[in-house]
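Residue numbers count from 1 along this sequence.
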Amino acid sequence: MADTTREIERKFESRDSGLPDLTNVGGIAAVVDQGVMELDAVYYDTPDLRLAASSVTLRRRTGGSTPGWHLKLPVGPDTRDEIAAPLADAPPAELLRLIRSRTLGAEVVPVVRLRSARDVRELRDADGGLLAEASADAVHAERLAGGRGEAQWTEIEVELAEGADPGLLDLVEKRFRRAGVRRSDAPSKLARALVETSPDDDAADAVPGPHRGKPVTAGDHLLAYLREQRERLVALDPAVRRDLPEAVHDMRVATRRLRSALRAYRPLLDREAVAPLAGELRWLTRELGVDRDREVLDERLTAAVEALPAELRTGPVRDRLELWADTRRGETRPRIAAVLDSRRYLDLLHALDAFLAGPPLRKAARGKPAKPFAKALDKEFGRLSRLVERAVALDPGPERDTALHEARKKAKRTRYAAEAARPVLGKAARRLAADAKSLQRPLGDHQDSVMAREALRSLAHDAAKASEPTFTWGVLYGREEKQAALAEAALPDRWAEVARRRRTNG
């Protein structure tokens, strides 16, 4: 089973003088020599370096204190998650699954070998606690694929200990600057090795990646947004597989944003070419929704039970709710894994990349962006208006519940379309996005209550079959009915305000 650690570090260009003295920097009381270790790492990537283009690294390393396979995924500035697996001859399947959205099924092969002599120092506080580890690495890089170049350099790496204050890195960097040691331009050893061993004169080509100018036309703006969401979707794939908090929700949002943009701005695109891709994005959104809806419902019911006074909780309510939630989770998580491992999902990612590489733009996409983007938002708001007004006019009941749910989905699509238009329309798009989001709140609370009441009926039925009291489930059902009524009552005023502002400001 793979182990995961959060790695926070910075790399610096080293001088021959080695590591500057860090004593008394940010609470560092002692610098403890740990000797020199020999490291030998082979980095794997696709032949066209898809992992490197995404700042993802996969290596097999021997020597040092942590030999084995290591997959590093970017999290933020200076921060990566390192996922380790035991040493083996071939890349472990569990790590290959985590990069499938990047490799798109292509084989990974050895591309670079790095051999390093690492001179290690532990940075400890006055109580002997470990703050960070600093090392001076003498690196020899050898290109294994895409060229046969070699390179050598020395660098300093400072990695925080678990729980250490990230501000320590700023203080260390300040001390280094005074000593003439500057921050490395390369984000990783692999990135530097690829540049310095590139067979081409243009070193920038060693690590592929999009190099696009500032958006000018309507098509430029739309494609920039679609690429951003594509990157978001692909980057979230490993987080979903690792079952990280909010990962399914965030991936579902990225998928919805892609689909919403394709729908809202379809006058800029060939409809026949867009339709199959939009259909597959709808499929993925629905599949992700099964698990996300379960998460939301579990959290809502758990909070509702915990909020009840003790005298209103009769029978093994917590135990039954936990059993119910665990059963549902056991059904949805394998389903998500199967979706991400499926050929259909891989084909969708291929189709998305092909679409962005050769977008089927219409003539309108070659013009200025303001007019087509504003027109698209007007249409989105018009559709939202019709759905909300129809729902508000209906009597309470199942038909109204369905209409309110449709209005909620349209409010989300309108919000996402407005977010895509922000670089073009500025304040007007931000205002519409905010208004659409404000509508989502009562509509979302209403739909969550509809789903909660359905679940409570099921829980009460199971409790009755087990000869358990059903009183508490009835209390919760009544509270959910009240929540729904309040949401419905708040909607007309909220909608009237949004509609008024739209008429006034456009």
Side-chain angles (χ1 to χ4, degrees), residues 1-4 93-94 97-98 100 236-253 255-256 282-342 344-345 398 401-402 405 408-409 444-484 487:
M1 191 70 178
D3 297 320
T4 303
E94 58 191 319
R97 278 194 291 271
L98 293 176
R100 189 169 183 253
L236 283 163
D237 176 291
V240 172
R241 294 176 187 271
R242 294 162 59 199
D243 199 15
L244 298 185
E246 297 297 308
V248 173
H249 169 67
D250 292 343
M251 189 176 185
R252 188 186 187 195
V253 169
T255 307
R256 277 178 161 167
R282 183 184 186 189
W283 161 75
L284 182 57
T285 301
R286 286 182 170 178
E287 292 294 337
L288 293 170
V290 173
D291 192 64
R292 177 56 185 171
D293 291 345
R294 175 200 59 77
E295 286 181 345
V296 171
L297 187 55
D298 291 352
E299 291 170 4
R300 185 181 183 97
L301 294 182
T302 299
V305 167
E306 294 304 318
L308 281 177
E311 61 270 19
L312 296 182
R313 288 198 297 264
T314 61
V317 175
R318 288 193 181 95
D319 290 344
R320 175 151 300 283
L321 181 58
E322 184 177 345
L323 174 63
W324 178 82
D326 287 347
T327 301
R328 281 161 40 86
R329 178 180 175 78
E331 294 169 350
T332 61
R333 290 307 302 173
R335 177 172 175 171
I336 286 288
V339 166
L340 297 186
D341 286 337
S342 70
R344 185 174 182 178
Y345 172 65
D401 290 344
T402 300
H405 183 44
R408 177 200 188 193
K409 291 191 292 185
D445 196 44
H446 180 273
Q447 177 60 18
D448 289 347
S449 178
V450 171
M451 300 303 294
R453 279 177 279 160
E454 182 179 330
L456 288 167
R457 283 194 294 268
S458 175
L459 283 161
H461 176 73
D462 291 346
K465 286 176 61 177
S467 299
E468 298 168 3
T470 59
F471 171 78
T472 299
W473 307 116
V475 170
L476 292 173
Y477 190 96
R479 291 191 170 197
E480 287 293 349
E481 280 188 318
K482 184 177 180 180
Q483 288 268 74

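- For the residue pair Tyr345 and Trp283, the shortest heavy atom distance occurs at N-CH2, 3.8 Å.
- Minimum heavy-atom separation, Val240 to Ala247: CG2-O, 3.6 Å.
- Taking the side chain as every heavy atom from C-beta outward, Glu322 and Asp326 approach each other to under 4.5 Å.
- Shown here is Arg344, whose CZ atom has more than 12 heavy atoms of other residues, nucleotides or ligands within 6.0 Å.
- Only one option out of Glu454, Arg457, Arg453 pairs with Tyr477 in a side chain to side chain donor-acceptor pair (under 3.5 Å); it is Arg457.
- Here the side chains of Leu456 and Leu301 are in contact, with some heavy-atom distance below 4.5 Å.
- Partners of Glu299 by side chain to side chain contact (heavy atoms under 4.5 Å, CB included), not counting sequence neighbours: none found.
- With respect to Arg252, the side chain to side chain contact (heavy atoms under 4.5 Å, CB included) criterion is satisfied by exactly one of Leu284, Leu236, Leu288, Asp291: Leu288.
- Of all heavy-atom pairs between His446 and Ala484, the closest is CD2-O, 3.7 Å.
- The closest side-chain heavy-atom distance from Glu480 to Asp448 is not below 4.5 Å.
- Leu98 is listed as a side-chain neighbour of Arg242, based on a closest heavy-atom distance under 4.5 Å.
- At a threshold of 4.5 Å between non-hydrogen side-chain atoms, the residues Asp462 and Glu468 do not count as touching.
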Worked verdict on Arg479 versus Leu312 for side-chain contact (heavy atoms from CB on, under 4.5 Å): CA-CA 12 Å; Arg479 291 191 170 197; Leu312 296 182; 4.0 Å; yes

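- Screening residues 304-314 for salt bridge (Lys or Arg N to Asp or Glu O under 4.0 Å), with sequence neighbours left out, gives Glu306-Arg318.
- Taken to the nearest 0.5 Å, the CG atom of Leu297 stands 5.0 Å off from the CZ atom of Arg328.
- The distance from atom CD of Glu295 to atom CZ of Arg333, rounded to the nearest 0.5 Å, is 7.0 Å.
- Using a 4.5 Å heavy-atom threshold, the side chains of Ser449 and Arg300 count as touching.
- The structure places CG of Asp341 at 6.0 Å from CZ of Arg97, a figure rounded to the nearest 0.5 Å.
- In this structure, the side chains of Met451 and Val296 stay at 4.5 Å or more apart for every pair of heavy atoms.
- Side-chain contact between Arg100 and Arg241 is present, with at least one heavy-atom pair separated by less than 4.5 Å.
- The minimum heavy-atom distance linking Pro334 with Arg329 is given by the pair CD-O, 4.0 Å.
- Atom CZ of Arg286 sits about 12.0 Å away from atom CG of Asp293, to the nearest 0.5 Å.
- Across all non-hydrogen atoms, the minimal contact from Trp324 to Ser458 is NE1-OG, 4.4 Å.
- The line from CD of Glu287 to CZ of Arg335 is 4.0 Å long, rounded to the nearest 0.5 Å.
- Nearest heavy atoms, Pro469 versus Ala463: O-CB, 4.1 Å.
- The line from OG1 of Thr4 to CG of Leu244 is 8.0 Å long, rounded to the nearest 0.5 Å.
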